[in-house]
Amino acid sequence: MFTRHLIDLDTVSIDQLNDVLDLAKVIMKHPQYFCDSGHGKIMATLFYEPSTRTQMSFQSAMLKLGGKIVGFDNPNSSSVSKGESLRDTVRVVSNYADLIVIRHPCEGAAQAAAMFSRCNVINAGDGGHLHPTQTLTDLFTLINTKGTLSNLTVGICGDLKNGRTVHSLIKSLVGFKNNKFVFISTPQLAIPDYIKKIVIDAGCKYSESASLSDSISKIDVLYMTRIQRERFENDEEYKNQKGVFILDKEKMKNAKYGLKILHPLPRIDEIDYEVDDDSRAVYFDQTEYGMYVRMALILYMLENSEKKLDARPESNSEKCCCNPRCITNHELYLPKLYKKAEGREICEYCDHSQPICSK
Ligand code: NCD
C-alpha cells in the first residue's frame, strides 16, 4: 500500500514501485479490463504552471479508467486570481475530488498542499524540485525499451540544476543495481550537491562532463532535457546557456547501437528533428507509456482514498528557508520544518540545505 500522498518517490519502496510498473504493463496490454475501474471517482488537476503532457496524460488516464475530471490549467481562471491561498483552494477542492494532481512553480508546494487536503495528493511537478510521475513514466519507458532498470550507464544532459525530472529520476535509479551516471552540463547548470550526495550515499558511480560528443559512446541511456528558461533570473543568463548541447545525427554516429534516447519533453532545440527517425529515439513512445503508468498510479492511489485531514506538524524552527522559490516563502502560514544533518538544516518542503540562516 502507498503512503497517502505521492510527493516524492522516496516514500515508495522498490516493491511498490515494481507493483505499479507491473500493473501499468497489464493495463497497457488489456486496457479494456480497466475501463470501469475508476467509475464514480473524480480527479482534480490543479495546474498553477503550464503543462501539456503531464496534465493531458493524467486526464486521459482517468477518463480511460471511467472516472471524471475537474480542475484548472490556468490559476487566473479560478479564485487563486482573487488571492485565495493554496491551503484554502486545496481544502475546498478536496471536498469535491477523490484525488488531487497538483503542479506549482514553488518548490515544496505539493508537500504543502498535502497538509490541507482531505484526499490523496500527487505531485505533478513543484518548481525545479521534483516530478515523481515523470520518473514513473521514464522507468516504464526503460523497462519497455531497454528491458531493465539495472546495470545501466545513464547520461543526463542539459539543465541538471533546474530540471525536476532529472532529480526525481536519479533519486529513483540509484535504488536499482549497478547504475552509473554521466552528468553532462555546463558548470552553471550542474547537478545540485544534494543530488550528488544521494548518488554517493547509494554507492553509485558518477562522472561529470562538459561534452556530449565525448560522452555519447559510453552510455546506454541518454536523458536529454531542455534549458529551463522560466527558472532563470533574467533572459541574458538563459541565452548564455541555450544551444550548448544539441543532439544531432553526427553525434549519433558514435552512440551505441542499443542506446535509448529519452526526453520528458517539451523539446526546444536540444534534439535535432532529424534524430526523431532514429529507432533509438523513444521520447514520443515515452509520452504514451506515461499515460499507462498514470492509470496504474491512479488505481493504486484510489485504493487508499479515505477522506480525512491528517494532523499537521508544528514548526520546529523560527527561521525561513533561504530558498526564495520555496513554498514557505510564498504561503507564509506554513509550519517551518527542517531535518538536521551534518550541522546543516534541510528544508522538509524543498530539500534546500542551509547553514543556520539568520533571516
Ligand atoms: C517536464 C516538466 O514539466 O518538468 N515536462 C513534463 O512534465 N513532461 C520537463 C520540462 O518542462 O522541461
Side-chain angles (χ1 to χ4, degrees), residues 6-9 24 45-62 71-75 101-111 122-142 154 156-172 183-186 189 191-192 195 221-232 237-238 241-247 261-271 276 281-295 297-298 325 327 350-351:
L6 180 64
I7 308 303
D8 183 349
L9 283 172
T45 49
L46 307 185
F47 276 61
Y48 292 76
E49 243 193 3
S51 169
T52 303
R53 275 148 294 274
T54 305
Q55 183 179 208
M56 287 194 193
S57 63
F58 260 115
Q59 293 178 340
S60 309
M62 189 55 168
F72 56 74
D73 55 13
N74 176 0
V101 178
I102 184 169
R103 168 170 288 193
H104 199 284
C106 288
E107 291 157 20
Q111 171 81 40
I122 297 178
N123 182 7
D126 58 331
H129 185 216
L130 296 171
H131 194 344
T133 69
Q134 180 63 45
T135 297
L136 290 176
T137 300
D138 302 338
L139 299 180
F140 193 51
T141 304
L142 286 177
V154 183
I156 306 187
C157 179
D159 190 345
L160 311 190
K161 177 181 175 207
N162 300 301
R164 55 194 172 196
T165 64
V166 168
H167 307 156
S168 284
L169 180 62
I170 296 168
K171 286 178 77 173
S172 202
F183 298 135
I184 308 156
S185 75
T186 62
L189 299 182
I191 197 84
I195 298 286
V221 175
L222 176 57
Y223 195 84
M224 290 296 292
T225 62
R226 79 180 163 97
I227 308 302
Q228 308 267 305
R229 183 178 202 154
E230 67 278 27
R231 314 265 179 240
F232 282 74
E237 278 181 36
Y238 166 71
Q241 295 296 326
K242 164 182 187 296
V244 177
F245 300 106
I246 296 186
L247 180 65
I261 309 160
L262 278 71
H263 191 313
L265 302 179
R267 146 178 64 187
I268 309 303
D269 57 2
E270 59 282 355
I271 303 181
D276 296 357
V282 297
Y283 32 88
F284 288 112
D285 301 329
Q286 196 178 345
T287 60
E288 188 180 354
Y289 291 130
M291 183 183 66
Y292 293 117
V293 88
R294 288 182 172 107
M295 287 172 79
L297 178 66
I298 290 169
R325 300 193 305 204
I327 189 71
C350 72
D351 281 312

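Hydrogens, waters and symmetry mates play no part in the numbers below; they use all other heavy atoms, side chains included. Please read these numbers as outputs of a predicted model, since none were measured by experiment. Both ligands and their constituent atoms are indexed starting at 1 by order of listing.
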> List by chain and number: which residues place a heavy atom under 4.0 Å from ligand 1?
Replying inline: Arg53, Thr54, Arg103, His131, Gln134, Arg164, Thr165, Arg226, Gln228, Pro264, Leu265, Pro266

>> Quick one, Leu130 and Thr135 - any side-chain contact, counting heavy atoms below 4.5 Å?
In response: no

>> Checking Asp73 now: which residues fulfil salt bridge (charged side-chain N to carboxylate O under 4.0 Å, His left out) with it, not counting sequence neighbours?
In response: none

> Partners of Tyr48 by side-chain hydrogen bond (donor to acceptor under 3.5 Å, both in side chains), sequence neighbours excluded?
Replying inline: none

>> One thing to verify: whether Glu237 and Lys161 come together as a salt bridge, which I'm taking to mean a side-chain N less than 4.0 angstrom from a carboxylate O.
In response: no

>> Going by the rule salt bridge (charged side-chain N to carboxylate O under 4.0 Å, His left out), which residues pair with Arg103 if we only count those two or more places apart in sequence or in a different chain?
In response: none

> Are side-chain heavy atoms of His129 and His104 found at a separation under 4.5 Å?
Replying inline: no

